[in-house]
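Worksheet: the structure to be examined is printed underneath.
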Amino acid sequence: MSGSDRSLATEEDVASYQRDGVVILRQVFSPWIDTLRAGIDALMADPSPLERTVRPADGSAPFFQDLCNWQRISQFEAFVLESTAAEVAARLMRSKTARFFHDHVLVKQPGTSTVTPWHQDQPYYCVEGQQSVSFWIPLDPVSRDVVMECIGGSHRWGKGFRPMRFDGTRLYANDDFETMPDIEAMRPTLDVVGWDMQPGDAIAFNFRTVHGAPGNQSPHARRVFSARWVGDDAAFAKRAGRTSPPFPDLGLQDGDPLDAPIFPVVYRS
Ligand SMILES: O=C(O)CCC(=O)C(=O)O
């Protein structure tokens, strides 16, 4: 691979990703923006049973979310199977393989007050492992005050933080996870990163990286397609309740390789 091919990831990107658990990839998916926008239009016209839209109590605009639609929305399937995403994922994870985990669409309509609280993704998921990556791919220009933020190095804190629902209740009734500390109070001591972004850019971040996002006070929608990948070391994790997203019929035991038809290996080096 050429280090200068922006449809992939450079050695410098990989080193940053391994060190920080997050890296910005400029214009890596630009050929796919129109396709993904069309996919989001199709999805919002026909959401899945996993759709959950947050409607803020203050009457401001909604925050639309939906998950696991790549097998029924052809534009998402094309991105997963035909774009360079799988190869970029394998490279960033330093994994021989990239296995697709799931897609997640997050549309913050203009004016929504809904903040995405600081969290890690891994405790929500039925997977453990060090090799993971999500691509957060905005389909609209996003300014620094609207963009998702990540805490550099938090993937190496050695902690798992309790997954919470947007209404403030626990995802699992009982679990062994820690309570998320007050990240806003700690902000001056942390390496909080975020960027102005253009369509085609992507933030790559580890499932253990602590991240969150403000509401959308801009005058246009913040449409995001997120594609989530795991590597060679991915193992099924039995959680203390229904995960998000739920994968109820995998037939896997705790610690088994995360090997199921719904999670295809898309790239193998
Ligand atoms: O886009 C957002 O508001 C949050 C994104 C996020 O938490 C994620 O992609 O895991």
Side-chain angles (χ1 to χ4, degrees), residues 17 21-25 29 36-37 40 43-44 50-56 60-70 76 79-80 85 89 92 100-127 132-152 154-155 160-168 171 180 183-184 192-197 199 201-218 220-230 243-246:
Y17 185 72
V22 55
V23 70
I24 179 85
L25 303 172
F29 298 131
L36 292 174
R37 283 178 180 152
I40 289 190
L43 174 66
M44 293 183 78
L50 294 180
E51 179 252 344
R52 43 199 152 91
T53 294
V54 180
R55 296 181 195 283
S60 67
F63 174 23
F64 171 94
Q65 292 190 74
D66 206 340
L67 300 134
C68 303
N69 288 292
W70 70 276
F76 296 169
F79 178 80
V80 170
L92 291 175
F100 192 61
F101 186 45
H102 69 274
D103 57 281
H104 189 167
V105 167
L106 309 108
V107 179
K108 284 195 174 174
Q109 299 293 7
T112 186
S113 64
T114 305
V115 170
T116 307
W118 292 105
H119 66 286
Q120 280 169 321
D121 287 336
Q122 190 139 291
Y124 289 79
Y125 296 162
C126 62
V127 66
S132 63
V133 63
S134 288
F135 295 120
W136 192 88
I137 307 168
L139 307 178
D140 302 287
V142 178
S143 57
R144 176 66 185 83
D145 58 341
V146 171
V147 80
M148 179 181 75
E149 296 181 302
C150 293
I151 303 180
S154 54
H155 66 310
F161 295 112
R162 178 167 300 116
M164 305 295 288
R165 298 195 183 88
F166 264 91
D167 64 7
L171 184 63
M180 179 65 71
I183 297 293
E184 288 307 326
V192 178
V193 296
W195 298 269
D196 287 313
M197 294 179 73
D201 299 343
I203 299 175
F205 64 105
N206 188 284
F207 291 180
R208 294 169 187 242
T209 299
V210 176
H211 59 286
N216 178 11
Q217 295 311 318
S218 82
H220 51 254
R222 192 219 68 175
R223 292 172 292 178
V224 168
F225 180 78
S226 189
R228 310 194 189 270
W229 303 82
V230 293
T243 58
S244 176

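Here the structure is a predicted model, which is why all the values come from computation and not from measurement. Indexing begins at 1, ligand by ligand and atom by atom, following the structure's order.
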Q: For residues His155 and Phe207, establish whether the separation of their ring centroids is below 6.0 Å.
A: no
Q | Trp136 ring center within less than 6.0 Å of Phe205 ring center | A | no
Distance from [X] atom [atom1] to [Y] atom [atom2], nearest 0.5 Å?
X      : Y      : atom1 : atom2 : result
Ile137 : Leu25  : CD1   : CG    : 9.5 Å
Met148 : Ser226 : CE    : OG    : 7.0 Å
Phe166 : Thr53  : CZ    : OG1   : 11.0 Å

Q. Can you find a non-hydrogen atom of His104 under 4.0 Å from ligand 1?
A. no
Q.
Does the residue Val224 have a heavy-atom contact with ligand 1, meaning some pair of atoms that are separated by less than 4.0 Å?
A. no
Q: Applying salt bridge (Lys or Arg N to Asp or Glu O under 4.0 Å) between Asp140 and each of Arg222, Arg223, Lys108, report the one that passes.
A: Arg223
**Q.** Taking atom 4 (C) of ligand 1 as the reference point, the nearest protein heavy atom with its distance
**A.** Thr116 CG2, 3.5 Å
Q) atom 5 (C) of ligand 1: which protein heavy atom is closest, and how many Å away? A) Trp136 NE1, 3.6 Å
With heavy atoms of [X] as the reference, note each atom of ligand 1 found under 4.0 Å away.
X      : value
Phe205 : 8 (C), 9 (O), 10 (O)
Asp121 : 10 (O)
Lys108 : 3 (O)
Ala213 : 2 (C), 3 (O)
Met148 : 5 (C)

Q. Of the options Trp70, Tyr125, Phe100, which is the one that meets Trp229 in a ring-ring contact (aromatic ring centres under 6.0 Å, His included)?
A. Phe100
Q: Kindly confirm or rule out an N or O of His211 lying under 3.5 angstrom from an N or O of ligand 1.
A: yes
(Q) Before you tell me yes or no, could you show the steps for Thr112 and Arg55 under side chain to side chain donor-acceptor pair (under 3.5 Å), namely the whole-Å CA-CA distance, both residues' side-chain angles and the distance that decides it to 0.1 Å? (A) CA-CA 9 Å; Thr112 186; Arg55 296 181 195 283; over 6 Å; no
Q. Which is closest to atom 8 (C) of ligand 1 by heavy-atom distance: Arg228, Arg222, His119?
A. Arg228
**Q.** Under-4.0 Å heavy-atom contact with ligand 1, by part of Phe135 that carries it
**A.** neither
